[in-house]
Amino acid sequence: MSKSKSNLIKGTLILTLAGFLTRIVGFFYRIFLSNAMGAEALGVYQLVFPIYSICFTIFASGIQTAISTLVANELGKQRYTGIMKVLRNGGLISVSLALLLSFFTYRYSTFLAVHILREPTTASSLRILAICFPFCGITSCINGYYYGLKKAGIPATTQLLEQIIRVLAVYFIAASAGGGSLKVTCDLAVLGIVFGEIASQLYNVGSMFLNKTSRNIRNLSSSFEALKTSGPMSMNTKGDGLTRSLVKMSIPLTANRLLISILHSIEAILIPAMLKKYGLSSEEALSIFGVLSGMSLPFILFPSAITNSLSVLLLPTISEAQSAGQNSLIERTSAITIKYSLLIGILSTGIFITFGKEMGNLVYHNSLSGDFLVILAWLCPFLYITTTLNSIINGLGLVHLTFAGTVLGLIVRIVIIIALVPMQGINGYLLSLLVSQLIMTIFGAILVIKYIHPPFQAMEVIAKPGIIVALCSFLIHQFYLQLPAASQSLKSVLLLCVLILCASILLMYMTKIINSEDFK
């Protein structure tokens, strides 16, 4: 196994494990919030995130990816001084932007709440949220540095630590303030985000001094700087060129993601507004939005911990292979990641269709969340594979193409929301999700086929797994229906979901759909 592929698999496993642990903690947190806040307050809480998403995109998202890519390039050329300059300059740019956005978000929180989010009660939450921007900027830059080194342990721990601190902070503050009633407000939930971000930033900064890899790179960087300044020899690491490359790479990435973030924000803000046009009251619209975005979608996104982790490390791996002219490695890596992203999507669809209603009822005590889960289950294959396809194309340096596909899908989604939600209610939005995600997936697949030509067998990757998962899901659900009512508990549902997963994987292995050679 090549070192690059070994690092990809190892890093993916680390990030996936952290992602699963983070999402498990997040699930209990969502259950706690849904009980402590109620669906309407949860909907108000979810409305804060469009502003956060736009700001994060400006001060961190593109810069993190640029740092990751440039650090990987500098490491490949053994230019250790360049690695530290990329991190330092990227961090300076990110924190400067974050401080500026913190000021404007805090200063104009009332305007944003009333005129943009159209929910005045979010103003105080926005002021609290603005505090964490600089901490997020530092964390994202250091994570980008470690992704570039293909050292996923620190970012994985950071991710988990942030979630744990967030949950504990909210729980203990709520317990202290409520005298045991655990009443959580939107402001308190946002305050938990701030505590989590500060803790993860402190851990990340500490890792730069304690982590062995970072210490070695800093020492090598210092040695090169000393040689450069102590003699006539030229040790030019092209620091100014690196800064220009960082800015040149991060600006289009940020601009692209900013437009996408704005479109996502428009989508989130439109949903309650269009539901009101459908005839619902403000409370009913926010409640449905809270159930969908705060209860059902986190379930659907849970398995994406694997594909998201894979995609984060897939980009620098594809980029490195392309710079080395290893086209066969690109084809092989792309084919395997596409295959397993589809398998994860098919397995998830089977589980959510089979037990979606039960999960909604037993976890959140909300039948509507279960109905949403069954409908959204069809999103899973398209959702997970699109993430992988886009990461492959981005690794080839064709970011503008994935950007075009995403924008097209989101514009179609917004048009459908405006056209159908006032007539069909939330079902119009669910349809918009399915149609737009299908468009993004087809667009990404066309690009990958055009530029990479990975080997792909639809019968082996889609048809056979689909039949196996459908058969296992049907038989196990029939067994569940035969259980006495007292035994139809959350524990039994989760155990049967694991049984569907294990039985399907075993049959796929026996039929050689899953092949041990893929991991060699």
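Note that the coordinates shown come from a computational prediction; the quantities given were computed from them, not determined experimentally. For this chain, numbers begin at 1 and follow the sequence in order.
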State, yes or no, whether a side-chain contact exists between [X] and [Y] at a heavy-atom distance under 4.5 Å.
| X | Y | result |
| --- | --- | --- |
| Ile439 | Leu408 | yes |
| Asn143 | Thr139 | yes |
| Met508 | Leu347 | yes |
| Met208 | Tyr146 | yes |
| Ile138 | Asn204 | no |
| Leu379 | Thr349 | no |
| Val95 | Phe59 | no |
| Leu342 | Thr388 | no |

From [atom1] ([X]) to [atom2] ([Y]), nearest 0.5 Å:
| X | Y | atom1 | atom2 | result |
| --- | --- | --- | --- | --- |
| Ile392 | Leu447 | CD1 | CG | 11.0 Å |
| Ile142 | Thr158 | CD1 | OG1 | 8.0 Å |
| Cys186 | Leu42 | SG | CG | 9.0 Å |
| Glu331 | Ile336 | CD | CD1 | 12.0 Å |
| Ile300 | Leu383 | CD1 | CG | 8.5 Å |
| Arg127 | Leu112 | CZ | CG | 11.0 Å |

Can you name the residues that form a salt bridge (Lys or Arg N to Asp or Glu O under 4.0 Å) with Glu162, not counting sequence neighbours?
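Once residues adjacent in sequence are excluded, the partners of Glu162 under the salt bridge (Lys or Arg N to Asp or Glu O under 4.0 Å) criterion are Arg166.
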Do any N or O atoms from the side chain of [X] and from the backbone of [Y] form a donor-acceptor pair under 3.5 angstrom?
| X | Y | value |
| --- | --- | --- |
| Ser53 | Phe49 | no |
| Ser140 | Gly137 | yes |
| Thr105 | Ser102 | no |
| Lys339 | Ser334 | no |
| Asp187 | Ser125 | yes |
| Ser94 | Gly90 | no |
| Ser391 | Thr387 | no |
| Ser261 | Leu258 | no |

Mind listing the closest non-hydrogen atom pair of [X] and [Y] along with its distance?
| X | Y | result |
| --- | --- | --- |
| Ser341 | Tyr384 | O-CB, 4.0 Å |
| Ser200 | Leu161 | CA-CD2, 4.1 Å |
| Leu101 | Cys55 | CD1-O, 3.6 Å |
| Leu129 | Val194 | CA-CG2, 4.5 Å |
| Leu259 | Phe403 | CD2-CZ, 3.4 Å |
| Gln46 | Ser293 | CG-OG, 3.3 Å |

Under the criterion side-chain contact (heavy atoms from CB on, under 4.5 Å), I'd like the reasoning laid out for Glu197 against Phe133: C-alpha separation, chi angles, the key distance, then a yes or no.
CA-CA 9 Å; Glu197 291 294 348; Phe133 291 173; over 6 Å; no
Near Tyr106 OH, under 6.0 Å, is it more than 12 heavy atoms from other residues, nucleotides or ligands?
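No - once you tally the heavy atoms of other residues, nucleotides and ligands closer than 6.0 Å, there are 12 at most.
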Could you tell me whether the side chains of Tyr145 and Gln64 share a donor-acceptor contact shorter than 3.5 Å?
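Their side chains do not contain a donor-acceptor pair, so the 3.5 Å distance test is not met.
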When you check the side-chain N and O atoms of Thr57 and Arg257, is any donor under 3.5 Å from an acceptor?
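There is no such pair between these side chains.
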Would Val461 and Ile338 satisfy side-chain contact (heavy atoms from CB on, under 4.5 Å), going step by step from the backbone distance to the final call?
CA-CA 9 Å; Val461 180; Ile338 289 170; 5.9 Å; no
From CA spacing to verdict: side-chain contact (heavy atoms from CB on, under 4.5 Å), Leu433, Glu267
CA-CA 10 Å; Leu433 282 176; Glu267 171 195 344; 4.1 Å; yes
Pair listing, side-chain hydrogen bond (donor to acceptor under 3.5 Å, both in side chains) test, anchored in residues 433-448, at least two apart:
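Qualifying pairs, neighbours excluded: Thr386-Gln437, Thr386-Thr441, Arg413-Ser436.
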So Tyr171 and Phe32, would you call those rings parallel, tilted or perpendicular, with 30° and 60° as cut-offs?
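Tyr171 vs Phe32 ring planes: tilted.
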Please verify the inter-ring angle class for Phe104 with Tyr108; under 30° counts as parallel, over 60° as perpendicular, anything in between as tilted.
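Ring orientation of Phe104 relative to Tyr108: parallel.
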Could you go through Leu70 and Ser245, starting from their C-alpha distance and side-chain angles, then the distance that decides it, and tell me whether this counts as side-chain contact (heavy atoms from CB on, under 4.5 Å)?
CA-CA 8 Å; Leu70 289 174; Ser245 296; 4.1 Å; yes
